[in-house]
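Because the structure is predicted, anything quoted here is derived from the model rather than measured. Start at 1 with the first residue, then count along the sequence. Values below: every heavy atom of this structure, side chains too, minus hydrogens, waters and symmetry copies.
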Amino acid sequence: AGYHKRGEGWYRKKFRIPEEWKRQRVHLELDGVMHSTRIWLNGCYLGNHFSGYTGFELDLTEYLWYDGQENVLLIRADNTTAEGWWEEGGGIYRNVWLKTYSSCHFQRHGVFVYTPDLSPESAVIAVEGTIENETSEEKKLCVRHEIRDESGVSIAQGSECLRCGPLEKVCCKLTLTAENPNLWEEKRPYRYTLVSCLLDADGNTLDSRETKFGIRTLIYKADGLHWN
């Protein structure tokens with residue numbers, strides 16, 4: 001008793017792509033499929049993913065049909081073998097997203113923010129952003145970060161320009177300072193918003209992301225977990 005039936009399941013989705021997406025990169029993002037997944041688009045094999053506990057993303061751009069033609073997406077989910085525990089379930093159990101990006105954009109989960117130094121008067125906020133250039137040309141880009149408090153007021157900002165080679169990924173690191181920060185505490189989990197923008201050489205916005213975070217430090221000692 002208590003065991004779910006195991007086996008494979010198939011999903012088929014038919015859809016059409018707007019003409020304005022022709023100059024965009026189109027990605028399929030799946031938040032959770034249990035647990036061995038294979039995906040085809042218009043009869044072409046796109047790739048696989050072998051964990052039901054992590055999300056993943058595939059680039060559909062080169063396999064899409066436009067001009068009003070119908071696209072057919074096929075997903076095979078197989079949980080015949082167990083991955084973690086006995087009551088895992090099967091199939092697509094989280095959201096599925098169809099997303100568009102510029103050819104130069106932040107990588108999926110590509111913005112990382114943390115606090116390397118903290119005092120009652122100020123906090124040093126380190127931001128790392130991974131940019132991906134999916135074109136065949138070198139691009140001049142600018143990364144701009146802004147930290148806003150819970151009221152939407154800007155408390156710190158900074159930017160850095162860089163060059164990203166063809167089909168290259170570049171990590172841009174930037175340090176900001178927040179004065180008199182509100183700390184993330186157990187009873188008051190105050191969160192800031194990091195707004196990250198990727199600009200081209202003419203100042204046009206290519207991509208933007210928002211990242212919620214708390215200003216805090218975490219240390220694990222023999223007697224347990226300590227913060228701030």
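Here CD1 of I75 is found 5.0 Å from CG of L30. Values are rounded to the nearest 0.5 Å. To the nearest 0.5 Å, the span separating CG on L206 from SG on C104 amounts to 6.0 Å. With rounding to the nearest 0.5 Å, the separation of CG in L98 from CD1 in I17 is 5.0 Å. With rounding to the nearest 0.5 Å, the separation of CG in L73 from CG in L60 is 7.0 Å. Separating the NZ atom in K140 from the CZ atom in R163 is a distance of 4.5 Å, to the nearest 0.5 Å. A distance of 12.0 Å separates CG in D202 from SG in C142, rounded to the nearest 0.5 Å.
In terms of modelled atom types and a separation under 3.5 Å, the side chain of R144 and the main chain of C197 share no donor-acceptor contact. Under the 3.5 Å distance criterion, the side-chain polar atoms of R209 are matched with a main-chain donor or acceptor of F106. A donor-acceptor distance shorter than 3.5 angstrom exists from the side chain of E168 to the backbone of G165, with no hydrogens or angles considered. Judged purely by atom type and a 3.5 angstrom limit, R6 uses its side chain to pair as donor or acceptor with the backbone of N79. Between the N182 side chain and the Y190 main chain, no donor and acceptor come within less than 3.5 Å of each other. N71 places a side-chain N or O within donor-acceptor distance of the main-chain N or O of W65, the cut-off being under 3.5 Å. Not a single donor-acceptor pair under 3.5 Å links the side chain of Y66 to the backbone N or O of R16.
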- Message: Please evaluate residues S208 and E210 with respect to the criterion side chain to side chain contact (heavy atoms under 4.5 Å, CB included), reporting the C-alpha separation (whole Å), side-chain torsions for both, the decisive distance (0.1 Å), and the verdict.
- Response: CA-CA 7 Å; S208 62; E210 289 192 2; over 6 Å; no
- Item | Step-by-step side chain to side chain contact (heavy atoms under 4.5 Å, CB included) determination, L64 to V26 | CA-CA 9 Å; L64 287 168; V26 183; 3.6 Å; yes
- List the steps, then state whether side chain to side chain contact (heavy atoms under 4.5 Å, CB included) holds for F50 with H35. CA-CA 6 Å; F50 295 120; H35 67 89; 5.8 Å; no
- Please walk me through it: do Y11 and R76 pass side chain to side chain contact (heavy atoms under 4.5 Å, CB included)? CA-CA 7 Å; Y11 298 82; R76 175 184 180 267; over 6 Å; no
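Taking 4.5 Å as the limit, every side-chain heavy atom of V72 sits out of range of all side-chain heavy atoms of W40. Inter-residue side-chain proximity for V124 and T115 is flagged as unmet; no heavy-atom pair is nearer than 4.5 Å. Counting heavy atoms from C-beta on, the side chains of H145 and L194 come closer than 4.5 Å. Annotation: side chain of V127 is not in contact with side chain of Y114 (no heavy-atom distance under 4.5 Å). Here the side chains of S102 and D207 are not in contact, with every heavy-atom distance at 4.5 Å or above. E83 has its side chain within reach of S51: a pair of non-hydrogen atoms, C-beta onward, lies under 4.5 Å apart. Contact of the Y63 side chain with the L46 side chain is registered, since non-hydrogen atoms from C-beta on lie closer than 4.5 Å. Counting heavy atoms from C-beta outward, I147 and T193 have side chains that stay 4.5 Å or more apart.
In this structure, a donor-acceptor pair under 3.5 Å is present between the side chains of E185 and N228. There is a side-chain donor-acceptor pair under 3.5 Å between S154 and E146. A donor and an acceptor atom, one from each side chain of E19 and W21, are nowhere located under 3.5 Å apart.
Between T177 and S122, the closest heavy-atom pair is CG2-CB, 4.2 Å. Shown here for A77 and M34, the closest heavy-atom pair between the two residues is CB-O, 3.9 Å. Closest non-hydrogen pair, C164 versus V170, comes out as SG-CG2, 3.7 Å. What you find for E8 and W10 is that their closest heavy atoms are OE2-NE1, 3.0 Å. Across all their heavy atoms, Y53 and Y93 have their closest contact at CA-OH, 4.0 Å.
When the side chains of ILVMFWY residues are joined at heavy-atom separations under 4.5 Å, either directly or via intervening members, L118 and I155 end up in a single hydrophobic cluster. Side-chain heavy atoms closer than 4.5 Å link hydrophobic residues (I, L, V, M, F, W, Y) into clusters, and following such links, even through other members, never connects Y101 to L199. I215 and L174 fall within a single hydrophobic cluster, where Ile, Leu, Val, Met, Phe, Trp and Tyr side chains are chained together by heavy-atom contacts under 4.5 Å. Both L183 and I125 belong to a common hydrophobic cluster when Ile, Leu, Val, Met, Phe, Trp and Tyr are linked at side-chain heavy-atom distances under 4.5 angstrom. Under the 4.5 Å side-chain heavy-atom criterion for Ile, Leu, Val, Met, Phe, Trp and Tyr, L167 and L198 are members of distinct hydrophobic clusters.
A salt bridge links R25 with E62: at least one charged nitrogen is closer than 4.0 Å to a carboxylate oxygen. Under the 4.0 Å criterion applied to side-chain N and carboxylate O atoms, R12 and E70 are not assigned as salt-bridge partners. A salt bridge is defined here as a Lys NZ or Arg NE, NH1 or NH2 lying under 4.0 Å from an Asp or Glu carboxylate O, and K139 with E137 meets this definition. Contact check on R108 versus E29 returns a salt bridge, with a Lys/Arg side-chain nitrogen under 4.0 Å from an Asp/Glu carboxylate oxygen.
Among H105, K99, E57, the one residue that satisfies the side-chain hydrogen bond (donor to acceptor under 3.5 Å, both in side chains) test with H27 is E57. When the options I39, I92, T54, D78 are evaluated for a side-chain contact (heavy atoms from CB on, under 4.5 Å) with V33, the one that passes is I92.
In this structure, K173 places its NZ atom where only 12 or fewer heavy-atom neighbours from other residues, nucleotides or ligands lie under 6.0 Å away. Counting heavy-atom neighbours within 6.0 Å of E20 CD, excluding the residue itself, gives a total above 12.
Seen from the ring of W184, R216 counts as a face-on cation partner, given the 6.0 Å and 45° thresholds.
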